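Have a look at the structure below, then the notes.
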Amino acid sequence: MIRGMLGLLVGCSLAGAALAETAPADMKVGENGEVAASLTGAPGNAAEGRKVFSSRSAGNCVACHAVSEMAHDVQFHGDVGPSLDGVADRWNEAELRGIVTNAKKIFEGTVMPAFYKTTGYVRPGDAFTTKPAAEPLPPLLTAQQIEDVVAYLMTLKE
Amino acid sequence: MSQKYALIGLVALAAVAGAAKADPVDDTLVINDEIEMITVAPAPDHLKDVFDVVRSGWLYRETETRDMQRDDFENPAMLHVEAAAAVWSTPEGTEGKSCASCHNDPESMAGVRPTMPKVNPNNGELWALEQYVNACRTERMGAEAWKWDSQDMRDMTALISSVSRGLPMNVAIDGPAAPFWEKGKEIYYTRYGQLELSCANCHEDNNGRYIRADHLSQGQTNGFPVYRFRTTNLVSMHNRFKGCIRDTRGEPFEIGSPEFVALELYVASRGQGLSVEGPAVRQ
């Protein structure tokens with residue numbers, strides 16, 4: 001009985017850790033690059049994701065992608081990548097999570113950076129300082145930011 | 001269903017229209033109503049499978065920026081050229097000599113910039129213009145070498161470029177230059193930094209597009225050193241390379257390093273046939 005309870009407690013705290021987040025190396029990636037499970041164990045916040053998407057110091061996705069919905073309040077949308085209008089009609093949530101975490105698993109050789117990856121770089125720097133940085137690097141976005149961006153992308157329906 | 005396809009068609013059309021807006025302009029550059037510039041040239045043989053033509057970065061800039069480069073009185077870089085012209089004839093160092101003592105007028109340097117960088121026959125190394133300038137200073141004038149990215153050096157390379165304006169870029173890439181060219185090419189196609197982007201990702205695959213507010217050009221070097229409004233000063237070619245690798249969240253090579261000189265040769269060879277524009281004007 002006591003043992004059983006202890007077991008339960010340990011179980012709970014493990015679940016707590018898992019809830020906290022999945023590290024890049026522990027992500028379960030499907031055959032087509034999709035990532036089914038939330039990295040935080042919880043749904044993201046689309047409003048926060050919108051900020052990550054448009055902010056130069058976070059995802060800066062808008063450097064390469066235009067989104068009509070933000071044309072009125074975010075300046076200078078790039079066109080290196082496709083417009084993401086209606087992207088949630090084209091991809092499901094697991095696929096979108098796969099694209100944002102590591103687009104190279106879905107589009108071979110793409111210029112889109114992998115936002116949830118820590119190793120395998122050539123001459124990585126410490127952000128934009130020009131100073132060298134040792135791997136593993138912090139991923140470009142945190143698990144929470146990835147989930148928030150995915151939640152935002154899921155709102156882009158036509 | 002058919003409605004959905006129609007919609008997708010519309011989106012595709014909009015994207016094409018957007019891309020067309022970002023294309024380089026169709027414009028001609030004549031400096032001081034006198035020097036005719038080649039801003040579009042047939043791609044050199046080694047680039048034929050990539051581009052039909054190569055284009056000067058000038059064609060990717062806004063009207064006001066382009067206009068400033070048409071006239072030396074408008075081009076802010078010409079103040080730096082003037083400063084260097086004064087230095088040109090000022091003796092310095094233990095030998096009591098100036099550049100003019102050996103080379104007469106700066107115009108005697110016409111034809112030098114289009115061939116840089118080139119292998120120095122004395123030591124077999126690939127040398128950029130900066131290194132030849134410093135060899136004169138240290139060996140022939142008994143003066144101190146200038147730092148690669150110093151104001152004096154940027155001014156002097158601007159002066160030396162300016163007297164070659166209009167001449168087509170024409171670097172040697174065979175013979176002793178070949179191994180350096182290969183090394184530069186390898187660097188050009190390596191995806192650096194945490195963003196994993198190569199020079200080619202931006203300047204070959206995506207020139208004509210916008211990355212945020214920046215209109216991507218082919219990343220040609222014929223305009224260097226360039227005057228940039230952003231710094232209100234001349235920017236050296238290696239400093240530009242450094243900035244581009246920094247923007248990949250990468251660790252750039254050192255300014256003046258053999259890696260950057262090799263890259264300089266390779267990038268110059270991608271612009272063979274484009275007129276020397278240095279000092280050009282950029283945003």
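This one's a predicted model, so the numbers in the text were calculated from it and none came from an experiment. Side-chain atoms are counted along with the backbone in the values below, which use heavy atoms only and exclude waters and symmetry mates. So that the names make sense, note that chain A is the first sequence line, chain B the second, and so on, each numbered from 1.
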Exercise for the section: Identify the heavy atoms of B/R212 and A/R56 that sit nearest to each other, and give their distance. Expected result: CG-NH2, 3.5 Å

For [X], is it the side chain, the backbone, both or neither that has a heavy atom under 4.5 Å from a heavy atom of chain B?
X      : value
A/T110 : backbone
A/P139 : backbone
A/S54  : backbone
A/Q75  : backbone

Handout entry: Check: A/R123 side chain, B/E251 main-chain N or O, donor-acceptor pair, under 3.5 Å
Key = yes

Exercise for the section: Using atom types as modelled and distance alone, determine if a side-chain donor or acceptor of B/R191 lies under 3.5 Å from a backbone N or O of A/G109. Expected result: yes

Exercise for the section: Please test A/V80 against B/D205 for side-chain contact (heavy atoms from CB on, under 4.5 Å), starting from the C-alpha separation and ending with a verdict. Expected result: CA-CA 9 Å; A/V80 165; B/D205 306 338; over 6 Å; no

Exercise for the section: Look up atom OG1 in B/T248 and atom OH in A/Y121, then write down how far apart they are to the nearest 0.5 Å. Expected result: 11.5 Å

Fill in the blank from the handout: Cut-off 4.5 Å, heavy atoms of chain A, and the answer for B/L197 is side chain

Exercise for the section: Identify whether the distance between the nearest side-chain nitrogen and carboxylate oxygen of B/E196 and A/K117 falls below 4.0 Å. Expected result: yes

Practice task
Before giving the answer on side-chain contact (heavy atoms from CB on, under 4.5 Å), spell out for B/L195 and A/L140 the whole-Å C-alpha distance, their side-chain angles and the decisive distance to 0.1 Å.
Solution key: CA-CA 9 Å; B/L195 300 182; A/L140 291 168; 3.7 Å; yes

